[in-house]
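Step one of this worksheet: look at the structure below.
Lettering follows sequence order; numbering is per chain, from 1.
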There are 2 protein chains.
Amino acid sequence: MTYDIMSASCPSRIVLRRIGARWTVFIVNALEHEPMRFTALATRIQGITPKVLAETLRSLEEDGLVSRTVFDENPPHVEYELTELGRSLLVPLRAVREWAEEHVPTVLAARAARAALRPTDAG
Amino acid sequence: MTYDIMSASCPSRIVLRRIGARWTVFIVNALEHEPMRFTALATRIQGITPKVLAETLRSLEEDGLVSRTVFDENPPHVEYELTELGRSLLVPLRAVREWAEEHVPTVLAARAARAALRPTDAG
DNA sequence: CCGCATCCGACGCGATACTG
DNA sequence: CAGTATCGCGTCGGATGCGG
C-alpha cells in the first residue's frame with residue numbers, strides 16, 4: 001500500500017520531518033563509521049549545543065535510527081551507534097550532503113546575484 | 001576546495017538548512033514534471049498555507065532552484081518551475097522521499113514499541 | 001477568482017548555567 | 001563525562017485582508 005506524499009495524512013511526512021530536523025543529517029553522518037560518545041559527537045558537530053544534541057539523539061533513538069548503550073563504568077560512558085535502519089538512511093542522506101557540497105557555489109552565486117540586483121532606491 | 005561539513009563555517013550548511021526547510025521537499029517534488037501555478041501548488045501540497053508557500057517559493061527562487069514567471073493576463077497568472085539546478089536536486093530528494101516511504105512502517109513500529117515499553121507507573 | 005501581505009500564537013532551536 | 005534547567009528568539013502555522 002502506497003500513500004500520496006502530498007496528502008496531509010501521509011505517514012511519510014512524519015519521517016520526512018524527522019529527517020529534516022536541524023541536526024539529523026549531521027548526527028547520522030557523524031556516526032557513519034563507528035559508535036561515538038556524547039562529548040565526541042558534541043565536539044565533532046560544531047555549533048550544536050548539549051541540549052539539542054540530547055533531544056535529537058532521543059528522537060533518533062525513538063525512531064529506531066540510533067541505539068544508545070550505557071557502559072556501567074566510572075567515569076560514565078555512553079555510546080551512540082547507528083542501527084541497521086539508521087545505516088540505510090546514510091545512503092539518501094549522503095546523496096543530499098554531496099549535492100549540497102557540489103552546488104553550494106551555484107546557490108551562493110544566485111543569492112549574490114539577487115542581492116546585487118536588489119537596489120535600495122535606484123534601479 | 002572542499003569544506004568539512006562538521007565545521008560551523010561550512011557553506012554547505014546553509015544549503016542543507018534550506019533543503020531541510022519544512023516544505024522544500026514537497027514543493028520541489030510537486031514541480032518535478034511541469035510548471036505549476038501558485039494555487040495549483042497550494043492545492044496539491046495538502047496542509048501548506050499560502051503564506052508559507054509564498055515564503056518558501058521566494059527562498060527557493062533566491063537560491064536559484066525555482067524560477068517565477070508572471071504572465072500579464074487577467075486573471076493573474078504566475079507559474080513556478082524548477083531551474084536546472086532545481087532539477088538536479090530532484091535526484092537526492094527523491095532518494096530521501098523513497099527512503100521515507102519505504103521505511104515508514106519500521107519507524108512507526110519502533111515508536112509504538114517505545115510507547116508500549118514506557119509505563120506510567122508499573123514497570 | 002488568483003496571488004499574495006499582514007497580524008498573532010505555538011513550537012523548535014539556541015545560549016547560558018547547573019547537576020549526578 | 002553526560003547530560004538537565006531555564007529563558008529568549010526565529011521560524012512555522014492559522015486566520016484575515018487586499019490589489020489586479
A/Pro76 or A/Glu55, whichever maps to the more 5' nucleotide of DNA chain C
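Its nearest nucleotide being more 5', the pick is A/Glu55.
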Name all residues meeting the salt bridge (charged side-chain N to carboxylate O under 4.0 Å, His left out) criterion together with A/Glu101; count only those two or more places apart in sequence or in a different chain, and write none if there are none.
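For A/Glu101 there are no salt bridge (charged side-chain N to carboxylate O under 4.0 Å, His left out) partners, ignoring immediate neighbours.
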Could you list the residues that satisfy salt bridge (charged side-chain N to carboxylate O under 4.0 Å, His left out) with B/Arg97, not counting sequence neighbours?
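Result, salt bridge (charged side-chain N to carboxylate O under 4.0 Å, His left out) vs B/Arg97: none returned.
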Any pair with a residue in residues 5-14 of chain A that passes salt bridge (Lys or Arg N to Asp or Glu O under 4.0 Å), sequence neighbours left out, goes on the list, sorted by first then second residue, please.
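Listed once each, the pairs would be none.
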Between the first and last five pairs of the helix from C/dC1-D/dG20 to C/dG20-D/dC1, the angle of the axes, rounded to 10 degrees:
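Its terminal axes enclose an angle near 30°.
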Heavy-atom contacts under 4.0 Å between residues 30-39 of chain B and DNA chain C, which residues?
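Result for residues 30-39 of chain B: B/Arg37, B/Phe38, B/Thr39, sorted by number.
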Mind listing the residues from residues 44-51 of chain B sitting with a heavy atom below 4.0 Å of DNA chain C? Number order is fine.
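Under 4.0 Å from DNA chain C: B/Pro50, B/Lys51.
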Would you say a side-chain N or O of A/Arg68 is under 4.0 Å from OP1 or OP2 of D/dG3?
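For D/dG3, OP1 or OP2 has a side-chain N or O of A/Arg68 closer than 4.0 Å.
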Is any side-chain nitrogen or oxygen of A/Tyr80 closer than 4.0 Å to OP1 or OP2 of D/dC1?
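It does not, given that no N or O in the side chain of A/Tyr80 lies less than 4.0 Å from OP1 or OP2 of D/dC1.
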Please, which pairs that meet side-chain hydrogen bond (donor to acceptor under 3.5 Å, both in side chains) have at least one residue in residues 30-41 of chain B, sequence neighbours excluded?
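Only B/Glu32-B/Arg94 qualify under side-chain hydrogen bond (donor to acceptor under 3.5 Å, both in side chains).
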Identify, between A/Pro75 and A/Ala54, the residue whose nearest nucleotide on DNA chain D lies closer to the 5' end.
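Here A/Pro75 is the residue nearer the 5' end.
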DNA chain C: 5'-most and 3'-most nucleotides touching chain A, 4.0 angstrom heavy-atom criterion
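For DNA chain C, the relevant span reads C/dC13 to C/dG20.
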Within this structure, what is the [atom1]-to-[atom2] distance between [X] and [N], rounded to whole angstrom?
X       : N      : atom1 : atom2 : answer
B/Arg18 : D/dG10 : CZ    : P     : 16 Å
A/Asp72 : D/dC1  : CG    : C1'   : 14 Å
A/Arg22 : D/dC9  : CZ    : P     : 18 Å
A/His77 : D/dA2  : NE2   : P     : 7 Å
A/Asn74 : D/dG3  : CG    : C1'   : 15 Å
B/Trp23 : D/dT11 : CH2   : P     : 18 Å

Quick one: do A/Lys51 and A/Glu55 make a salt bridge, cutoff under 4.0 Å?
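Yes, this pair counts.
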What does A/Phe71 touch in the nucleic acid at a heavy-atom separation under 4.0 angstrom: a base, only the sugar-phosphate, or nothing?
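No contact.
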How is B/Arg58 classified with respect to the nucleic acid when contacts are heavy atoms under 4.0 Å: base, sugar-phosphate, or nothing?
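Counting heavy atoms under 4.0 Å across all strands, the contact made by B/Arg58 is with sugar-phosphate only.
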For [X], all residues meeting side chain to side chain contact (heavy atoms under 4.5 Å, CB included), sequence neighbours excluded:
X       : result
B/Val78 : B/Arg68, B/Val70, B/Tyr80
A/Pro76 : none
A/Glu84 : A/Arg87
A/Thr24 : A/Ala21, A/Val28, A/Thr56, A/Leu60

Would you say A/Arg18's side chain and A/Ser59's backbone share a donor-acceptor pair under 3.5 angstrom?
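Yes, A/Arg18 side chain to A/Ser59 backbone: donor-acceptor pair under 3.5 Å.
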N/O donor-acceptor pair under 3.5 Å between B/Asp63 side chain and B/Leu65 backbone:
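No: the side chain of B/Asp63 does not pair with the backbone of B/Leu65.
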From B/Arg111 atom CZ to B/Thr106 atom OG1, the distance as rounded to the nearest 0.5 Å
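The CZ atom of B/Arg111 sits 12.5 Å away from the OG1 atom of B/Thr106.
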Determine whether B/Val91 and A/Trp99 make a side-chain contact, defined as any pair of heavy atoms from C-beta on separated by less than 4.5 Å.
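No; the side chains remain at least 4.5 Å from each other.
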Taking all non-hydrogen atoms of both residues into account, name the closest pair between B/Pro35 and B/Glu81 and its distance.
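Where B/Pro35 meets B/Glu81 most closely, the heavy atoms are CG-CD, 3.8 Å.
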